[in-house]
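Note sheet for the following structure.
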Amino acid sequence: MLGSLIPIAVAVLAAGLGTAEAAGCNGNPALCSRKYSNVTQVGAHDSAFVGELPTENQLVSATDVLNMGARFLQAQTHSWEGGIEMCHTSCLELDAGSLHDYLAPIKTWMDANPNEVVTLLLTNQDAISVSDFAAVFQAVGLDKYAYSPSSTLTLDQWPTLQSMINAGTRLVVFMDYHADTSQVSYILDEFTYFFETPYDTTDASFPECTLDRPANASPDGRMYIVNHFLDYSILGILIPDELAASTTNSVSSILAQADLCLGKWGRVPNFILLDYINKGDPITAQNDLNNL
Ligand SMILES: *[C@@H]1O[C@H](CO)[C@@H](O)[C@H](O)[C@H]1NC(C)=O
């Protein structure tokens, strides 16, 4: 009896492992054993602003960004008429809808893609209370995927992608300002964990990888975000350069800046933010930086 059960159990186990392995983690089995803090990911800057207006930075939705293989979404939030809206600088300038409607398709996508670790970076210029954000995450059902470390993590303490996937906590949420983990444990303070290079560059050669924010901080112990999106200036007003996007997001342009960063900081970027992420070939650059 036992003799006949064991091969079945082994076969079932092997089949299970086979599936997990084929699916990999964030699209590749080689990433499963990598720590979250040791993976390079391209992402969509201002991912809620989709369209052809000068105030819009993307041409495809957050869902399509996830479908093309990017797992990092940055988005601006603002307070408006008692709710949280995805607005560009101000809701009078561009209101791309509610946070709820922005997050709901991400929840749907994560339900359908169980081997994927997704990272959200929300800006909170209006100092909206994190408990208001948490109410929306809960209404959408995304809170159940959110990862909350029990204390502040050093670079080495981040879990592997596989362990986040196994635990079902595979959404990492950062907020630039006004995070408060004593109130909402899974909305993490961006600048505790990261530094960023300058943004709103108008030099297409992306000639630098300096630490811009947090001001005067040490790079040690922080992951880092490279802002690799190009603007052009009309009478001092900066507008995202859509016509240059294929070049900006080419493998050579992304790798050239990443190389500069590697030279300066001794490790490759963790996140690289792009406008018009469906242009160029950012996923090839990402794979290259991950040695895949
Ligand atoms: C991951 O670790 C390797 C080996 O130490 C290093 O070369 C690479 O830059 C690291 N990548 C990131 C994103 O930290």
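Remember, predicted model here, so these are calculated numbers, not experimental data. Just so you know, ligand 1 is whichever comes first in the structure, and atom 1 is the first atom listed for that ligand.
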What are the atoms of ligand 1, with element, lying closer than 4.0 Å to any heavy atom of [X]?
| X | result |
| --- | --- |
| R267 | 9 (O) |
| V268 | 9 (O), 11 (N), 12 (C), 13 (C) |
| P269 | 13 (C) |
| N270 | 13 (C) |
| N38 | 1 (C), 2 (O), 3 (C), 8 (C), 10 (C), 11 (N), 12 (C), 13 (C), 14 (O) |
| T40 | 13 (C) |
| S37 | 14 (O) |

Heavy-atom neighbours of Y199 OH exceed 12 at 6.0 Å: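 At most 12 heavy atoms, drawn from other residues, nucleotides or ligands, come within 6.0 Å of this atom.
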
Distance (rounded to the nearest 0.5 Å) between E190 CD and I225 CD1: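 If I round to the nearest 0.5 Å, the distance is 4.5 Å.
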
Within the 3.5 Å criterion, strictly below it, is a donor on [X] or [Y] matched to an acceptor on the partner's side chain?
| X | Y | result |
| --- | --- | --- |
| Y276 | D241 | no |
| T201 | D203 | no |
| S163 | T160 | yes |

Aromatic contact, Y147 with Y36 (centres under 6.0 Å):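 Centroid separation for Y147 and Y36: 6.0 Å or greater.
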
Contact check, side chains of F133 and L122, non-hydrogen atoms, under 4.5 Å: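 Touching, per the 4.5 Å side-chain cut-off.
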
Is_contact([atom]), protein non-hydrogen, under 4.0 Å:
| atom | result |
| --- | --- |
| atom 1 (C) of ligand 1 | yes |
| atom 14 (O) of ligand 1 | yes |
| atom 5 (O) of ligand 1 | no |

